[in-house]
Amino acid sequence: TPTHLPCGRHRLDLSFPRIMGVLNVTPDSFSDGGRHAVPDDALRHAEQMLAEGAAIIDVGGESTRPGAEPVSVQQELDRVVPVVEALVREFDALVSVDTSTPAVMQATSQAGAGMINDVRNLRREGALSAAVVSGLPVCLMHMLGEPGDMQDAPHYDQSVEEAVAAFLTERVAACEAGGLRRERMLLDPGFGFAKSVEHNLRLLKHMDRLGELGLPLLVGMSRKSMIGKVLGRPVEERLSGGLALSAMAVERGARILRVHDVGPHVDAVNMTWAVLEEGSAHD
Ligand SMILES: Nc1nc2[nH]c(SCC(=O)O)nc2c(=O)[nH]1
């Protein structure tokens with residue numbers, strides 16, 4: 001997999017695991033309930049995450065938690081574009097935009113965003129061409145259905161890791177056929193999207209299977225229900241569980257970890273990496 005990923009004006013060093021800090025600018029984002037809906041609040045939160053070591057700030061204007069209300073294109077633009085502009089202007093930050101909407105991909109790449117993070121893996125009409133035109137790297141994430149129905153008894157005829165690997169292989173081929181260069185792609189198993197808790201746990205256990213696809217892996221498990229259901233913890237008490245998952249994800253090949261609590265995950269990931277890299281200069 002590439003060690004340096006061109007991200008607009010930035011080159012992201014992926015020779016070691018990096019942290020992506022979540023900046024929700026949606027009123028119904030489940031974990032921080034829209035506290036960051038206005039740019040100045042979002043700016044302070046982003047500044048804090050950058051100070052704690054986030055390499056990327058992920059800005060999302062449409063909550064994709066199960067059962068979320070869809071938002072209009074204009075609503076999404078109004079929420080996201082001002083925040084991207086402010087993050088680029090104030091911090092020259094590497095900003096990824098969590099969107100499936102072509103118009104938002106276009107407007108935010110023009111506003112200086114450095115990565116597209118599409119949980120619908122460019123399947124919406126016009127999304128693939130918007131991504132190609134943007135010239136930005138794109139994270140392709142596994143998700144079946146839509147947030148409204150994706151958790152209704154998700155089922156796979158094969159192992160979940162094989163199903164995810166096959167799906168992402170197909171999406172890579174389709175996006176490549178549509179003009180997206182392979183070296184602009186990142187892959188994500190989509191923890192919590194169309195998956196039961198058992199699916200999520202097995203997917204992490206066997207995530208090295210996705211490493212065989214030869215593209216950088218991005219994972220997002222922070223504060224998710226897979227932690228809540230195993231530990232019986234509410235969303236604001238899932239950090240410890242999330243740190244364990246980040247360490248395991250790095251061991252299994254993840255290079256970008258999408259998290260809410262940046263500082264603690266930076267330490268957990270750097271600790272894990274130190275062990276994995278021990279002696280590698282002499283191996
Ligand atoms: N790439 C990527 N983007 C995401 N956006 C969300 S929103 C739901 C939440 O944070 O609980 N999850 C993910 C994820 O897992 N991967």
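All residue numbers in this chain count up from 1 along the given sequence. Numbering of ligands and ligand atoms starts at 1, following listing order.
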Practice task
Please determine which of R202, R209, H199 meets the side chain to side chain donor-acceptor pair (under 3.5 Å) test together with E161.
Solution key: R202
Numbered atoms and elements of ligand 1 in range of [X], under 4.0 angstrom, heavy atoms:
X    : value
N117 : 1 (N), 2 (C), 3 (N)
G220 : 15 (O)
M141 : 2 (C), 14 (C), 16 (N)
T64  : 7 (S)

At under 4.0 Å between heavy atoms, which part of [X] makes contact with ligand 1: side chain, backbone, both or neither?
X    : value
V119 : side chain
K224 : side chain
L218 : side chain
R258 : side chain

Problem - Short N or O distance, H260 and ligand 1, threshold 3.5 Å exclusive - result: no
Handout entry: G190 N/O to ligand 1 N/O under 3.5 Å
Key = no
Exercise for the section: For T101 and E62, test the side chains for any donor-to-acceptor distance below 3.5 angstrom and give the result as yes or no. Expected result: no
Exercise for the section: In plain terms, say whether D98 and R258 are close enough for a salt bridge, that is, a side-chain N and a carboxylate O under 4.0 Å apart. Expected result: yes
Problem - Residue selection (non-hydrogen contact nearest atom 5 (N) of ligand 1) among V22, V235, D98 - result: D98
Problem - Whether over 12 other heavy atoms sit under 6.0 Å from E212 CD - result: yes
Handout entry: Side-chain donor or acceptor of K224 paired with backbone N/O of F191 under 3.5 Å
Key = yes
Handout entry: N/O donor-acceptor pair under 3.5 Å between E237 side chain and P234 backbone
Key = no
Practice task
Tell me who clusters with M141, hydrophobic residues only, linked when side chains sit under 4.5 Å apart either directly or through other members.
Solution key: V119, M143, M150, F193
Problem - Partner residues of E251 under the salt bridge (Lys or Arg N to Asp or Glu O under 4.0 Å) criterion, sequence neighbours left out - result: none
